[in-house]
Amino acid sequence: MRLRRQKVDFRCGCDAKFRVHIDPPSQRWYVTCFQDAHNHDLLPKQHGGLLAAHRKMGTADIMSMNSFMKSGISAPQIFNSFASQCRGYEKVGFGQKNMQNQLAKQRRSQCLDGQNAVDYIRWLGLNDELMFERHTEDAEHGVENLFWCDDISRYNYKVFGDVVAFDATYKKNKYRRPVVLFSGVDHHNRTIIFASAIVIESEQTYVWLLEQFAEAMNQKLPGAVITDGALPMRNAIRRVFPNAHHRLCAWHLLKIANKRVGIPEFLNRFRTCMLSDYGIGEFKRRWATMVTDLGLENNTWVSEMYDKREMWAATYFRGKFFAGFRTTSRCEGFHS
């Protein structure tokens, strides 16, 4: 059971009070008790604006803040500017948190974030004839899924689109929506982005996403795809890219193996089986020996991984072109 942390008690037995009642027949308020004698020091007048009941942004403050925001100035810098004008943070009359709450309130009242993103992409399309944008809407006509790519991305895919890696694990945004990046490499082994999307995680969503990707790339489908192994994504790839060889990210597999098995020796031998170019017979022999030595015959995850060995073991990738990809780390490198 979670224990509640005991709060510091600041009570000092002060008798100051102010009591108001209402007269039911007349519906008028009247004061029944007023005692203003305190047994403690009061907050200095210059610090009154720091009290929660007094912190409030006026209309002029909100207008100034919005003007600063349109100029690309951050909230902390705006608050510092207000403090400089008032000659002291205690004289501003509100805190930085009040500014953030006001901005959030404006966003909620306008409900235009998604539509603004769509409008911005379409505005970019005025100077880019090959800009591609598709989105879906929810029941309240808000943007649900958003996919886009520009002319450079589409041209890069036309030349270097044999291998595509995409990852949907990044959710560190206020909408808690995965940011999906379709990436590859060029002839200098530099990471290039083919397309981007913000979606809701589900198999049907990923099917829609891959269909938009295929449409944007003129139905040229990749020969190989590398993902983190999420089941909805895996099923969507089978449906939309049936001829693509699907490889699982080595880094994610080792991370999961550490959780599901947690034996250091298994991790080392599993990594060797994954990355070494053994013959099929040698791979099976080494795997069986590892399972027997470590007593993993009844481990469900280990059995499932052996059944999916064609998706992660280098032994089964002979003749398959992956452009040096083993992980989706190139995608994740762009998340920062």
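Treat the numbers as computed from the prediction; the structure is a model and nothing was measured.
- Ring geometry, W287 versus F266: the interplanar angle exceeds 60°, so the pair is classed perpendicular (tilted spans 30 to 60°).
- At a threshold of 4.5 Å between non-hydrogen side-chain atoms, the residues M217 and P222 do not count as touching.
- Note on L231 and L248: separate hydrophobic clusters, where clusters join Ile, Leu, Val, Met, Phe, Trp and Tyr whose side-chain heavy atoms are under 4.5 Å apart, directly or indirectly.
- Cluster annotation: F34 and V20 are assigned to the same hydrophobic cluster (Ile/Leu/Val/Met/Phe/Trp/Tyr, side-chain heavy-atom contacts under 4.5 Å, transitive).
- Residue S276 holds its OG atom at 7.0 Å from CZ of R286, rounded to the nearest 0.5 Å.
- Between H40 and H38, the ring planes are perpendicular. Angles over 60° get that label, and only those under 30° would be called parallel.
- For the pair A314 and D277, the tightest heavy-atom approach, listed with the atom from each and the gap, is O-OD1, 4.2 Å.
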For M69 and I78, run side chain to side chain contact (heavy atoms under 4.5 Å, CB included): C-alpha distance rounded to whole Å, both residues' side-chain angles, the deciding distance at 0.1 Å, then the answer.
CA-CA 8 Å; M69 294 295 292; I78 296 173; 3.4 Å; yes
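- Residues L253 and M305 come closest through the heavy atom pair CD2-CE, 3.5 Å.
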Walk me through whether L294 and V302 qualify under side chain to side chain contact (heavy atoms under 4.5 Å, CB included).
CA-CA 11 Å; L294 301 179; V302 173; over 6 Å; no
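- The aromatic rings of Y30 and H21 sit tilted, their planes meeting at an angle between 30° and 60°.
- Of the possible polar contacts, none joining the T315 side chain to the I280 backbone as a donor-acceptor pair under 3.5 Å is found.
- Of the candidates N156, D151, D150, S153 forms a side-chain hydrogen bond (donor to acceptor under 3.5 Å, both in side chains) with just one, namely D150.
- Residues M131 and G125 approach most closely at CB-CA, 3.7 Å, considering heavy atoms.
- The main-chain N or O of L130 is found under 3.5 Å from a side-chain atom of R154 such that the two form a donor-acceptor pair.
- What you find for W301 and R260 is that their closest heavy atoms are CD1-NH1, 3.6 Å.
- Under the 30°/60° scheme for interplanar angles, the aromatic rings of F213 and F182 are found to lie parallel.
- More than 12 heavy atoms of other residues, nucleotides or ligands lie within 6.0 Å of CG in N39, so this atom counts as buried by the packing criterion.
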Apply salt bridge (Lys or Arg N to Asp or Glu O under 4.0 Å) to the pair K308 and E304, showing each step before the final yes or no.
CA-CA 6 Å; K308 296 188 293 188; E304 291 177 354; 5.3 Å; no
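- Looking only at distances, no side-chain donor or acceptor of H187 sits under 3.5 Å from a matching main-chain atom of F160.
- When ring centroids are compared, F241 and H246 stay outside the 6.0 Å threshold.
- Remark: side-chain polar atoms of S84 are not paired, donor with acceptor, to backbone N or O of N80 under 3.5 angstrom.
- Two residues are said to be in side-chain contact when any heavy atoms from C-beta on lie closer than 4.5 Å; N116 and Y120 fail this criterion.
- How far CE of M290 is from CD of E265: 9.5 Å, rounded to the nearest 0.5 Å.
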Applying side chain to side chain contact (heavy atoms under 4.5 Å, CB included) to N258 and L254, what does each step give before you reach the verdict?
CA-CA 6 Å; N258 188 41; L254 292 174; over 6 Å; no
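- Between the S81 side chain and the Q77 main chain, no donor and acceptor come within less than 3.5 Å of each other.
- A 6.0 Å sphere centred on CD of Q27 holds more than 12 heavy atoms belonging to other residues, nucleotides or ligands.
- In this structure the side chain of M233 reaches within 4.5 angstrom of the side chain of D228, judged on heavy atoms.
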Check the pair F194 / F166 against ring pair (Phe, Tyr, Trp, His ring centres under 6.0 Å), numbers first and verdict last.
CA-CA 10 Å; F194 297 138; F166 67 97; over 10 Å; no
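- To the nearest 0.5 Å, atoms CE (M99) and CE (M65) are separated by 6.0 Å.
- Put simply, the side chain of R134 reaches to within 4.5 Å of the side chain of W208, judged on heavy atoms.
- Within the 4.5 Å cutoff, the side chain of D293 has heavy atoms near those of the R269 side chain.
- Between P232 and S202, the shortest heavy-atom contact is CB-C, 4.0 Å.
- A donor-acceptor pair is defined here as one N or O able to donate and one able to accept, closer than 3.5 Å; no such pair exists between the side chain of K158 and the backbone of K220.
- Seen from the ring of Y306, R309 counts as a face-on cation partner, given the 6.0 Å and 45° thresholds.
- L209 and I200 fall into different hydrophobic clusters, where Ile, Leu, Val, Met, Phe, Trp and Tyr residues are linked whenever their side-chain heavy atoms come under 4.5 Å apart, directly or through other members.
- Atom CG of N298 has 12 or fewer neighbouring heavy atoms from other residues, nucleotides or ligands inside a 6.0 Å radius.
- Side-chain contact between V164 and Y157 is present, with at least one heavy-atom pair separated by less than 4.5 Å.
- Between W312 and F270, the distance from one ring center to the other falls under 6.0 angstrom.
- Contact check for V118 versus E133: side-chain heavy atoms found under the 4.5 Å cut-off.
- No single ILVMFWY cluster, assembled from side-chain heavy atoms under 4.5 Å apart, contains both F82 and M63.
- Note that CH2 of W123 is 11.5 Å distant from CG of D128, once rounded to the nearest 0.5 Å.
- The two residues C273 and A313 make their nearest non-hydrogen contact at O-CB, 4.3 Å.
- The CG atom of D162 lies 6.0 Å from the CZ atom of F321; values are rounded to the nearest 0.5 Å.
- Here CD of Q102 is found 7.5 Å from CG of N66. Values are rounded to the nearest 0.5 Å.
- By the 6.0 Å contact criterion, CD1 on I152 is open, its count of non-hydrogen atoms from other residues, nucleotides or ligands being 12 or less.
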Evaluation steps, side chain to side chain contact (heavy atoms under 4.5 Å, CB included), between L210 and R239
CA-CA 9 Å; L210 297 182; R239 292 172 59 179; over 6 Å; no
